[in-house]
Structures are given as structure tokens and as C-alpha cells.
Amino acid sequence: MKKIIIDCDPGIDDSLAIMLALNSPEVEVVGITIVAGNSPVTMGFHNAKKILSFLGRLDVPVFVGADRPRVREYVNALDTHGEDGLGESFLPEVPGQEIPDKTAVSFLRETLKEGGVSVVALGPLTNLARLIDEDLEAFLSIERLVSMGGNFRSHGNCSPVAEYNYWEDPDSAKVVFDTLYEHHGRIEMVGLDVTREIVLTPEILDQMKKVNSVTGDFIEKITVFYFKFHWEWEHIRGCVINDPLAVAQFINPNILTGIEAFTEVETSGISMGQTVVDSMGFYRKESNAQIFTRVDKKTFWEMFLTRILGITQSEYKERFAQFFT
Ligand code: RIB
Ligand code: CA
């Protein structure tokens, strides 16, 4: 089993990503760290607890991190994720879940120093930039850093050129990408170019409810708001579930393919938050990022659905293969 820390901002798709990770035998989620993003950080903490409670996994520790971006004013995404950050499902608070004294950065620092631990980042990179400030060695000991964020050729979702996680805190994203460049490291960037291909449709959700009504109903509860948002704003019939793809990529690195390129994040002006991907080598700089451009959707959906629904491959083929020809 590979040890991972999930740094996230739950968030509807973050929640689906946590469900996939905790139903995957290849990974051991040693902790969840929360960052301000979709939801304010305290809301994110309690939302993570709601998901862990549903999964019967309150044993997984959750730590609270940055409550605002590095420089900018904090801008949440509750318009997309609902006023409770979980699609206005208004799930009951989990009793007795106090916020621990230990901060997210302290947990990251002490856990990463053990070695052999990866980070799957599903929100703004604020906690990771703070880790760099406080303990560069701990940051550089991350085994694999997989981040849902950014975009290459695909248009943005917060501006024509910027994706939310890196737009909400461009300064932290820049610190992470620049630090990786300076120390010959690399980030596996699961951007909108590939996540936009992962659309949960009403038909898939209906089948999910038929094969596992408990999980299917739960997912419907937290995604119905998200479906409406996607239709109103992007006329998409369904909802783009970005974050689970980053977990899937960690588990099976063949799901995504792309390019290696020097990448830098713009921190100001009209293109603030844009990941500038030097795919042609203009700057003659060593790659610090793997930028994904193609996704094996069938493999993703088989992994995601069999694991979170607890169904066999043959059940999957019977019920779902029709959607992913
Ligand atoms: O732009 C999509 C990303 O921003 C996803 O991680 C979503 O949860 C939000 O954090
Ligand atoms: Ca997220």
C-alpha cells in the first residue's frame, strides 16, 4: 500500500475523491489536510468528517490548514458547491469532532519526513506553500505530488485562462511550481484538459442508485446541486467530477498521458492563475511538471464505480459499460 495525504477543500468532487481513495486497496490515507477553497476551512473540516462518517472511517485524522490564500483575498466556490459546501445536502454534523491543535502544516511536516509518503492535492496549494516556508526538506521528501489544478489547452473555469485551485491562490501555486523547478522535482498536474472529460451524468447516477442504493442515494444528495450548476453555467448535462481523477492517476499512472514541460503560474493581471506550460521549450528550462492531456475514461470509470459501489467487474460491465463505449 502506498501512503498518501489528501490535501483538499471539500467540496463535492473532493468528497468523491476521498470515497475513491478509501475504497482503494493500493493506498493508505494516513491523513486529510484541509485548505480554504471551495469551502471555508472550518466548513471543509466538518465536511470531511461527514464523508468519513458515511464511509465508517472516522479513524482517518483530519487537520485544519490555511484559512486564506497566500496574498489574495479569499474567494470561496460555494456558488458551485452550495452554501454547506456539499451541494446543500445539509448532512448532519458529526458529533464530537473537535478541530485538533495540530495544524495541517505540522502534520504534513512530521509525516512527510518519515519518507515514502505522497500528497494528492485537490484544492489550492496554500498548505504546501506554507510547508515550503516552514520546512523545505519535508516538502522535497514528498514521494509523488499529484495536484488537481491548472489547465494547458483547455479554457479556464474562473477566467478565460485560469482554473479555480490555482486562481484562488496563484501565489502558492507559483511557489510550489518554482520550488520544484529549483530542486529538480516535478508535479503531476491533473488539469481541466483531462478532468473535463469526466462527467457524471444522470443516467450513470441512476444506475449507481440501482446497484447500490445507499451509496447512490448519498452521492445523489451531494451532487444534485452540482448538476444544476453545470447546466445553468456550462450547459453540461451532468457534472464534471475533477478530483477523483487525481486519485485515480495516483493509483494507476496509466490512466492519464501527457507531456513533460517547464510550467510557471502567473500571479497577477488578467491571466492571474494561468499555468503557462512551455510545451515547445521556448524558455529552455528543465521540466518541473507532467501536464496531462489525454485520459483513458473507460479505465477511470471502471475503477471509480467498482470501488465506490463495491461491485464486481462483471456487474460493472453489465450496468455501466454501455455509457463508455
Ligand atoms: O477547478 C476545479 C477544482 O476546484 C476542483 O478541485 C474543485 O473541487 C475545486 O477545488
Ligand atoms: Ca477540490
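Just so you know, ligand 1 is whichever comes first in the structure, and atom 1 is the first atom listed for that ligand.
- Of all protein heavy atoms, the one lying nearest to atom 6 (O) of ligand 1 is Asp243 OD1, 2.6 Å.
- The Ca ion (ligand 2) has an N, O or S atom of Asp243 under 3.0 Å away, backbone or side chain.
- Only backbone heavy atoms of Leu122 (N, CA, C or O) come within less than 4.0 Å of ligand 1; its side chain stays farther off.
- Side-chain atoms of Thr293 and Asp193 include no donor-acceptor pair closer than 3.5 Å.
- Salt-bridge formation is not detected for the pair Glu28/Lys2: no Lys NZ or Arg NE/NH1/NH2 atom is positioned less than 4.0 Å from an Asp or Glu carboxylate oxygen.
- The environment of Asp101 atom CG is sparse: at most 12 non-hydrogen atoms of other residues, nucleotides or ligands sit within 6.0 angstrom.
- Our summary of the site lists the angle at the Ca ion (ligand 2) between OD1 of Asp9 and OD2 of Asp14 as 70°, to the nearest 10 degrees.
- Of the protein's non-hydrogen atoms, Glu163 OE2, 2.6 Å is the one closest to atom 1 (O) of ligand 1.
- In this pair, Phe107 and Phe63 present their aromatic rings parallel. The plane angle is below 30°, not in the 30 to 60° band.
- Residue Asn157 has at least one nitrogen or oxygen atom sitting less than 3.5 Å from a nitrogen or oxygen atom of ligand 1, judged on distance alone.
- You'll find the ring centres of Phe304 and Phe320 outside the 6.0 Å limit.
- Nearest protein heavy-atom contact of atom 9 (C) of ligand 1 is Asn38 OD1, 3.1 Å.
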Determine, step by step, whether Glu83 and Leu78 satisfy the side chain to side chain contact (heavy atoms under 4.5 Å, CB included) criterion, reporting the C-alpha distance in whole Å, the side-chain angles of both residues, the deciding distance to 0.1 Å, and the verdict.
CA-CA 5 Å; Glu83 64 180 76; Leu78 294 178; 5.6 Å; no
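- Counting protein heavy atoms only, atom 4 (O) of ligand 1 is closest to Asn165 OD1, 3.2 Å.
- Protein heavy atom in closest approach to atom 8 (O) of ligand 1: Asp13 OD1, 2.6 Å.
- Taking every heavy atom of Met148 and a limit of under 4.0 angstrom, the matching atoms of ligand 1 come to 2 (C), 3 (C), 5 (C), 6 (O).
- Within 6.0 Å of the CZ atom in Arg196, the count of heavy atoms belonging to other residues, nucleotides or ligands exceeds 12.
- The nearest N, O or S atom of Leu122 is closer to the Ca ion (ligand 2) than 3.0 Å.
- Close approach of ligand 1 to Asp14 (heavy-atom distance below 4.0 Å) involves ligand atoms 8 (O).
- Using cut-offs of 30° and 60° for the angle between ring planes, the Tyr226 and Phe229 rings count as parallel.
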